[in-house]
Amino acid sequence: MLTYHHTLSAAEYCALRSAVGWQSLVEEQAQSGLDHSDFVVACRDGEDAVGCARIFWDKGYIAYLADVMVKPEYQGQGIGKRLVEACIAYIDGQLKEGWRIKIVIVSAKGKEAFYEKFGFQLRPNDRDGAGMQVWRT
Ligand SMILES: CC(C)(COP(=O)(O)OP(=O)(O)OC[C@H]1O[C@@H](n2cnc3c(N)ncnc32)[C@H](O)[C@@H]1OP(=O)(O)O)[C@@H](O)C(=O)NCCC(=O)NCCS
């Protein structure tokens with residue numbers, strides 16, 4: 001049975017990264033990222049973590065949705081949708097009168113249409129440039 005939780009160990013997070021083919025992180029860095037996330041949601045099949053997502057938020061107007069991952073053999077069952085909805089609901093719950101919060105996602109290639117279902121707008125568009133990033137090592 002699939003259940004949703006707010007705990008995820010660094011080892012489970014690293015295993016999910018590996019399952020979806022993402023670059024590995026040293027466990028200390030993974031743990032630090034989890035510790036400093038404002039919201040973590042994990043889907044479990046029994047004890048096994050099969051998907052996760054997390055949010056960090058500046059307590060002002062910017063939030064970042066990161067690491068939306070579902071193990072390949074569990075994809076296409078609505079798990080990713082539940083995980084993203086939980087993250088969005090967390091941010092909605094932080095809104096105060098007159099506030100607005102922008103949730104940012106850097107979509108993996110080919111996953112843009114998945115995020116569009118939740119209202120995320122593609123960049124570049126008429127108003128915004130493309131998202132950009134730099135890795136520091
Ligand atoms: C992207 C990902 C999280 C989707 O998770 P999932 O559990 O397979 O998605 P769901 O089953 O919840 O799908 C929800 C909806 O999105 C659609 N969808 C899923 N993946 C899609 C894609 N790549 N492109 C377009 N639509 C997609 C589904 O058809 C479904 O549509 P519906 O609600 O109209 O039926 C998953 O494929 C994944 O982990 N991929 C590898 C890691 C990755 O790239 N993550 C994104 C990081 S930015």
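These values consider heavy atoms only, across backbone and side chains, with no hydrogens, waters or symmetry-generated copies. Residue numbers run from 1 in the order of the sequence given. Both ligands and their constituent atoms are indexed starting at 1 by order of listing.
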| said: Name the residue from Asp38, Ile55, Val106 that meets the side-chain contact (heavy atoms from CB on, under 4.5 Å) definition with Tyr64. | reply: Val106

| note | Rounded to the nearest 0.5 angstrom, the CD1-NZ distance for Ile105 and Lys111 is 11.5 Å

For a 4.5 angstrom cut-off between non-hydrogen side-chain atoms, does [X] reach [Y]?
X: Gln31; Y: His36; result: no
X: Phe39; Y: Arg54; result: no
X: Phe56; Y: Leu65; result: no

| said: Between Asp48 and Lys71 (salt bridge meaning N to carboxylate O under 4.0 Å), is one present in this structure? | reply: no

| task | Compile the protein residues with any heavy atom at a distance under 4.0 Å from an atom of ligand 1; present them by chain, then by number. | result | Val20, Trp22, Val68, Met69, Val70, Gln75, Gly76, Gln77, Gly78, Ile79, Gly80, Lys81, Val106, Ser107, Ala108, Gly110, Lys111, Ala113, Phe114, Tyr115, Lys117

